[in-house]
Amino acid sequence: MQNNLFIYNSLSKKKELFKPLHPPFVGLYVCGPTVYSSAHLGHARGAIIFDLLNRYLLHLGYKVRYVRNITDVGHLEDENAGEGEDRIAKKARQEQLEPMEVVQKYLNTYHKNLEQLNTLPPSIEPRASGHIIEQQELIKEILEKGFAYVVNGSVYFDVLKYNEKYKYGKLSGRILEDLQSSTRTLEGHDEKRNSFDFALWKKAAPEHIMKWPSPWSIGFPGWHLECSAMSVKYLGDVFDIHGGGLDLLFPHHECEIAQSTAAHGKESVRYWMHNNMITINDQKMARSLGNFITLDQLFSGDHPALKQAYSPMTIRFFILQAHYRSTLDFSNEALLAAEKGLQKLMKAVETLEKLKSSSDASTFDVANLKKKCYEALDDDLNSPILLSHLFDGVKYINSVFEGIGKIDTSTLDALKELYNTFVFDILGLKDESAGESDEKLTGELMKIIIELRQNAKNNKDFPTSDKIRNELNLIGITLKDRKDGVDWER
RNA sequence: GGUCGGUUAACCGAGUGGCUAGGUAGCGGUCUGCAAAACCGUUUACGGCGGUUCGAAUCCGCCACCGACCUCCA
């Protein structure tokens with residue numbers, strides 16, 4: 001199996017040709033959310049970007065095992081200090097729910113939102129709480145290799161010791177001395193030997209809700225541990241791609257590298273990919289900053305910052321219009337522009353189905369367009385360039401429809417295949433035009449109304465024909481007079 | 001303070017050492033009874049100052065501003 005896909009590897013900071021370890025199989029691991037509140041626009045970006053990658057790899061013929069974890073335990077509010085409450089436990093207390101109820105509640109909306117956004121589900125969606133044994137086994141391995149120490153029933157990773165044998169900070173470019181001086185100094189008695197050491201296992205306080213027995217104490221695993229344990233379990237000691245948000249690069253992914261390397265003596269991940277953040281007013285959208293807009297709010301328009309509702313496909317298109325390694329700024333104007341752009345694209349795809357080929361030679365080079373589309377994706381998933389090429393084709397499709405351009409049969413077939421492949425299969429866009437059961441009836445009714453309006457027009461009764469058009473407009477139906485008949489849409 | 005990244009026209013957003021990115025909005029035209037859609041044409045750019053070069057928005061240096069990470073965050 002051959003491909004020409006170059007992806008930017010955060011580890012080497014270069015675009016590298018993607019060569020899977022065991023073709024045709026590809027192992028893809030992506031960090032999923034901690035499920036203690038609703039998913040927002042930022043979560044959508046990560047999900048959509050790695051969905052694009054997954055879809056493209058599938059299109060290229062790979063058998064992708066796509067693993068995306070769910071963090072449902074062990075994620076503390078103050079990870080560095082190893083203190084503070086577990087996020088999920090806190091929410092559980094606030095909402096008077098079982099921790100697993102909190103998890104289920106937000107996991108359900110996460111799944112619903114991602115389905116609305118037309119992302120393909122991962123092959124495996126492991127949860128941290130379901131892999132306590134695996135995490136404990138990993139801790140044991142790290143302890144045996146001498147890269148961790150036990151204090152009062154908690155286990156910490158010994159970064160200094162690790163750094164002697166392997167280099168710590170490869171991914172983030174961080175240097176230990178810098179960390180030592182810049183990491184916040186902790187008051188009182190810290191169990192850690194160094195401030196940059198991190199917890200592998202934490203002894204639970206008596207009031208702590210989520211806890212498990214272990215050789216060291218009744219407690220719970222550290223946050224970074226789950227990804228190391230679960231990725232290796234499902235994808236093997238060494239696997240192809242690890243993805244996640246740029247904000248996870250340090251410390252989360254750096255710690256993951258340290259854990260896996262310490263345990264297995266080699267690095268697990270061959271390509272690290274990081275998507276950039278969504279910004280709002282030039283600031284990162286984040287739960288902790290309180291400036292986020294949830295996906296449900298976007299879809300319903302129910303948020304003070306929103307001028308209207310935006311459909312899931314509008315959101316998807318908006319995200320695909322920017323390169324995944326750039327920040328993307330949220331605004332109503334940008335979203336509105338995306339909505340219009342998407343409409344234009346989807347309408348052209350519909351138009352394509354109505355096109356009639358002629359015996360004249362085509363005035364457009366589809367093979368060249370196809371080549372450019374692949375080149376765009378191969379260049380580190382450059383979806384904005386891909387879209388710009390697809391819009392070149394849109395212009396041509398419309399010009400043929402208007403009788404300006406010419407198209408022959410083979411070109412028409414090639415163009416249909418190209419748009420089906422790239423728009424639906426790879427970019428994962430879909431037609432959102434509503435309702436099926438009522439659709440037929442509406443179509444029949446519209447036929448009658450259009451005929452009545454035509455009669456009025458024939459009789460030069462324009463007040464009547466205008467009234468029909470305007471009133472239809474009010475209920476969201478737009479009429480369009482074309483050369484050979486009347487189109488309508490809502 | 002340390003590390004990294006960004007600054008592109010009205011807005012969003014690609015990209016490249018010399019050739020129109022694209023979408024949205026605007027303007028002029030075709031079409032239309034009018035409008036919408038579509039098509040054709042078109043106006044605003046590459047933060048500032050130097051340098052390298054025949055040529056730089058694109059490479060280098062300095063400066064300014066903005067952001068991310070260094071707690072948790074997709």
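Note: hydrogens, waters and symmetry copies are ignored here, and every other heavy atom, side chains too, is used. Each chain gets a letter, A, B and so on, in the order its sequence line appears, and its residues count up from 1.
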Check: A/Asp481 side chain, B/G33 base, donor-acceptor under 3.5 Å:
no
Ignoring hydrogens and angles, does a donor from either the side chain of A/Arg87 or the base of B/C73 sit under 3.5 Å from an acceptor on the other?
no
Atom-to-atom span, [atom1] of [X] to [atom2] of [N] - whole angstrom:
X	N	atom1	atom2	result
A/Asp461	B/G33	CG	P	16 Å
A/Tyr36	B/A74	OH	C1'	11 Å
A/Leu335	B/G23	CG	C1'	13 Å
A/Tyr29	B/A74	OH	P	13 Å
A/His252	B/A68	NE2	C1'	18 Å
A/Ile477	B/A37	CD1	P	18 Å
A/Phe250	B/C69	CZ	P	13 Å
A/Leu248	B/C4	CG	P	20 Å

Any salt bridge linking [X] with [Y]? Criterion: basic side-chain nitrogen under 4.0 Å from a carboxylate oxygen.
X	Y	value
A/Lys372	A/Asp392	no
A/Asp51	A/Arg68	no
A/Glu375	A/Lys371	yes

Output yes when at least one side-chain N/O atom of [X] is less than 4.0 Å from OP1 or OP2 of [N], else no.
X	N	value
A/Lys284	B/C69	yes
A/Lys457	B/G33	no
A/Asn398	B/A37	no
A/Trp488	B/A36	no
A/Lys460	B/G33	no

Rounded to whole angstrom, note down the [atom1] distance from [N] over to [M].
N	M	atom1	value
B/G29	B/G67	C1'	44 Å
B/C49	B/G15	P	26 Å
B/A45	B/A21	C1'	13 Å
B/C11	B/G26	C1'	12 Å
B/G2	B/U58	P	26 Å
B/U43	B/G48	C1'	26 Å
B/A10	B/G1	C1'	39 Å
B/G51	B/A57	C1'	16 Å

Contact class for [X] vs. all strands (heavy atom < 4.0 Å): base, sugar-phosphate, or nothing?
X	answer
A/His40	base
A/Ser326	sugar-phosphate
A/Gly42	base
A/Gln283	sugar-phosphate
A/Ile404	sugar-phosphate
A/Pro33	sugar-phosphate
A/Lys340	sugar-phosphate
A/Asn473	nothing
A/Ala322	sugar-phosphate

[options]: which one has an atom nearest the side-chain heavy atoms of [X]?
X	options	answer
A/Met277	B/A74, B/G22, B/C72	B/A74
A/Asp282	B/C66, B/C73, B/C70	B/C66
A/Asn382	B/G33, B/C73, B/A14	B/A14

Let's test your reading of the pairing rules: Watson-Crick or G-U wobble, both distances under 3.5 Å, then write RNA chain B as a dot-bracket string with ( ), [ ], | and dots.
(((((((..(((.....[...))).(((((.......)))))....(((((..]....))))))))))))....
Would you kindly compare A/Thr279 and A/Lys344 by the position of their nearest RNA chain B nucleotide and give the one closer to the 5′ end?
A/Lys344
Hey, which sits more toward the 5' end of RNA chain B by its nearest nucleotide, A/Met285 or A/Arg453?
A/Arg453
Is a side-chain donor or acceptor of A/Asn118 paired with a backbone partner of A/Gly428 at a separation under 3.5 angstrom?
yes
Does the side chain of [Y] come within less than 4.5 Å of [X]'s, by heavy atoms?
X	Y	result
A/Ile209	A/Arg93	no
A/Val159	A/Asn194	no
A/Val67	A/Pro126	yes

Minimum heavy-atom separation for A/Thr294 to A/Ser38, with atom names?
CG2-CB, 3.9 Å
Could you report the tightest heavy-atom contact between A/Arg55 and A/Phe424, atom names first, then the distance?
NH1-O, 3.5 Å
Check whether the ring centres of A/Phe422 and A/Tyr374 lie less than 6.0 Å apart, and answer yes or no.
yes
Qualifying residue, where the test is ring pair (Phe, Tyr, Trp, His ring centres under 6.0 Å) with A/Phe157 and the options are A/Tyr168, A/Tyr162, A/Trp223
A/Tyr162
Does B/G33 have A/Phe462 stacked on its base, where the ring centres are within less than 5.5 Å and the planes differ by under 30°?
yes
Between the protein and nucleotides 6-12 of chain B, list every N/O to N/O distance that falls short of 3.5 Å.
none

Full working for side-chain contact (heavy atoms from CB on, under 4.5 Å) between A/Trp272 and A/Ile257
CA-CA 11 Å; A/Trp272 282 94; A/Ile257 291 177; 3.5 Å; yes
Checking A/Tyr234 against A/His131: is there a side-chain donor and acceptor pair closer than 3.5 Å?
yes
